[in-house]
Amino acid sequence: MELRQVRYFVMVAQELHFGRAADRLHIVQSAVSQQIQRLERELKADLFDRSARQVRLTPVGERFLPEARALLAAEERARAVVRDLAATRAGVLRVGTTTGLGDHLDRVLEALAGLAPEIGVELVAAPARERLERVAAGELDAAFVRGDADDGVHPRTVTARGAGRDALSFVPLWQDPLVAVVPARHPLASAPGTIALADLADVPLVLTERRNNRPLVDLVVAACHNAGFAPAPGPRPGTLDNNLAAIGACGPTEALWTVVYAAHARRLNTPRVAFLPFRNPGMELTTHLAVRRTDPPSGVDLLLRACAAPAESGALQRDG
């Protein structure tokens, strides 16, 4: 029995579909089918019922599934022990990042360098759910995430190869205010200062899909409803660069709008759009640092101290 075969079995059991399982594993469907067939031959039992239109676990497969998950969890724990030891020796913190951290990230890294110049940082960009899974599995030492600690961006059952969401702690760091992005040639951008959400009631909104960023979408849509309108849907969202280009291309009599984090806006050099702070209260999200609840890796405490450093502070001194 190979761990690869067990991993493929668990994925198919979760999806109950060989094609979707193959997509999540980033391999072709035939490879998944072949490895599971080999596993079934070795176990001398069918794990899946393929006779119906939908793939189903057999009674043997249902009994085998929790044991398979436990086996993969044991594998990850063993790997995590080795990774933590190697990272400690190398003095490297592996930190998951999210888009739009902007000058917050610069400040944290500068403060950490002042606290512990011998510690290096490896930054890993990944979707929110994957970041949390990798922290729980020990593949990352910590990760930045946005939203309330009980929000959907932090799933209540993080399927990190058997590790649950309860394995994580979420430490609040700072508030990330949002700003509106409108065309620089539009009258909305002519008046300096802030903007009210009600001013955007008739302007189509370009916003990512909710499944990609639930806290952000929920915040913006709820704020629009509180301001007395439902946001008019704009064109299908693309990358941030493409969205900003589309907004900047609007003429004086037409417009689109979106939102970005203020910390990110300060880093964007896009003269064809204007960034306007909101007059409406509450247009912000909390950024947390997700860490393992028990046995956090060496250096996480220093990272938390670096996150707490004020923007104007210089290098910090380590406690003697």
Side-chain angles (χ1 to χ4, degrees), residues 96-109 123 125-128 131 144-147 153 174-287 311:
T97 61
T98 183
T99 57
L101 286 173
D103 46 19
H104 287 304
L105 187 58
D106 287 341
R107 170 178 56 82
V108 170
L109 294 179
L123 301 177
R131 291 197 301 275
F144 293 103
V145 289
R146 289 195 182 95
V153 73
W174 56 72
Q175 296 300 112
D176 257 330
L178 293 167
V179 296
V181 186
V182 299
R185 294 181 290 175
H186 195 274
L188 289 171
S190 60
T194 59
I195 190 171
L197 274 169
D199 296 334
L200 300 166
D202 297 324
V203 181
L205 170 64
V206 182
L207 194 62
T208 186
E209 296 180 12
R210 188 172 184 265
R211 61 185 175 86
N212 296 332
N213 195 333
R214 177 177 167 180
L216 176 67
V217 173
D218 285 355
L219 172 67
V220 173
V221 172
C224 291
H225 288 163
N226 291 337
F229 70 97
R236 183 181 179 87
T239 64
L240 177 60
D241 286 342
N242 290 347
N243 292 343
L244 296 182
I247 293 171
C250 294
T253 59
E254 58 183 3
L256 298 169
W257 72 287
T258 189
V259 295
V260 298
Y261 295 101
H264 194 193
R266 291 191 287 268
R267 308 287 292 272
L268 297 172
N269 183 19
T270 51
R272 299 181 70 190
V273 302
F275 301 102
L276 302 175
F278 288 102
R279 288 200 291 274
N280 306 71
M283 290 297 289
E284 60 186 15
L285 285 172
T286 304
T287 295

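Numbers here are sequence positions counted from 1.
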**From CA spacing to verdict: side-chain contact (heavy atoms from CB on, under 4.5 Å), L109, L123** = CA-CA 10 Å; L109 294 179; L123 301 177; 4.2 Å; yes
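- Counting all heavy atoms, side chain and backbone alike, A227 lies closest to L197 at CB-CB, 4.0 Å.
- The side chain to side chain contact (heavy atoms under 4.5 Å, CB included) with L276 is formed by just one residue from the set I195, V179, T194; it is I195.
- With salt bridges taken as basic N to acidic carboxylate O contacts below 4.0 Å, none links R266 and D106.
- The minimum heavy-atom distance between G147 and P215, with the atom names listed, is CA-CB, 4.0 Å.
- Of the possible polar contacts, one joining the R185 side chain to the C250 backbone as a donor-acceptor pair under 3.5 Å is found.
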**Asked** Taking it one step at a time, do T208 and V217 satisfy side-chain contact (heavy atoms from CB on, under 4.5 Å)?
**Response** CA-CA 7 Å; T208 186; V217 173; 4.0 Å; yes
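- Of the possible polar contacts, one joining the T258 side chain to the V206 backbone as a donor-acceptor pair under 3.5 Å is found.
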**Request:** Determine, stepwise, if the pair L200 / L205 fulfils side-chain contact (heavy atoms from CB on, under 4.5 Å).
**Result:** CA-CA 9 Å; L200 300 166; L205 170 64; over 6 Å; no
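- Residues R279 and D199 are in side-chain contact: their nearest non-hydrogen atoms beyond the backbone lie under 4.5 Å apart.
- Here the options are D176, N213, T99, the test is side-chain hydrogen bond (donor to acceptor under 3.5 Å, both in side chains), and the partner is R146; only D176 passes.
- Considering CZ of R214 and CG of N212, their distance stands at 13.5 Å, rounded to 0.5 Å.
- Considering all non-hydrogen atoms of both residues, G234 and P204 come closest at CA-CB, 3.7 Å.
- A donor-acceptor pair under 3.5 Å is absent between the side-chain atoms of N280 and the main chain of A196, judged by distance alone.
- For the residue pair H104/R107, the side-chain donor-acceptor check at 3.5 Å is satisfied.
- In terms of heavy atoms, P183 sits closest to E254 at CG-O, 4.3 Å.
- The shortest heavy-atom contact between T270 and F275 is OG1-CZ, 3.5 Å.
- Ion pairing between D218 and R210 holds under the 4.0 Å rule for side-chain N and carboxylate O.
- Separating the CG atom in L244 from the CG atom in L240 is a distance of 4.0 Å, to the nearest 0.5 Å.
- In this structure, L219 and G282 approach most closely via the heavy-atom pair CD1-O, 3.4 Å.
- To the nearest 0.5 Å, the span separating CG on L285 from CG on L178 amounts to 6.0 Å.
- Under the 30°/60° scheme for interplanar angles, the aromatic rings of F278 and W257 are found to stand perpendicular.
- A 4.5 Å side-chain heavy-atom check between L256 and P235 finds at least one atom pair inside the cut-off.
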**Message:** Before you tell me yes or no, could you show the steps for W174 and V108 under side-chain contact (heavy atoms from CB on, under 4.5 Å), namely the whole-Å CA-CA distance, both residues' side-chain angles and the distance that decides it to 0.1 Å?
**Reply:** CA-CA 12 Å; W174 56 72; V108 170; 4.0 Å; yes
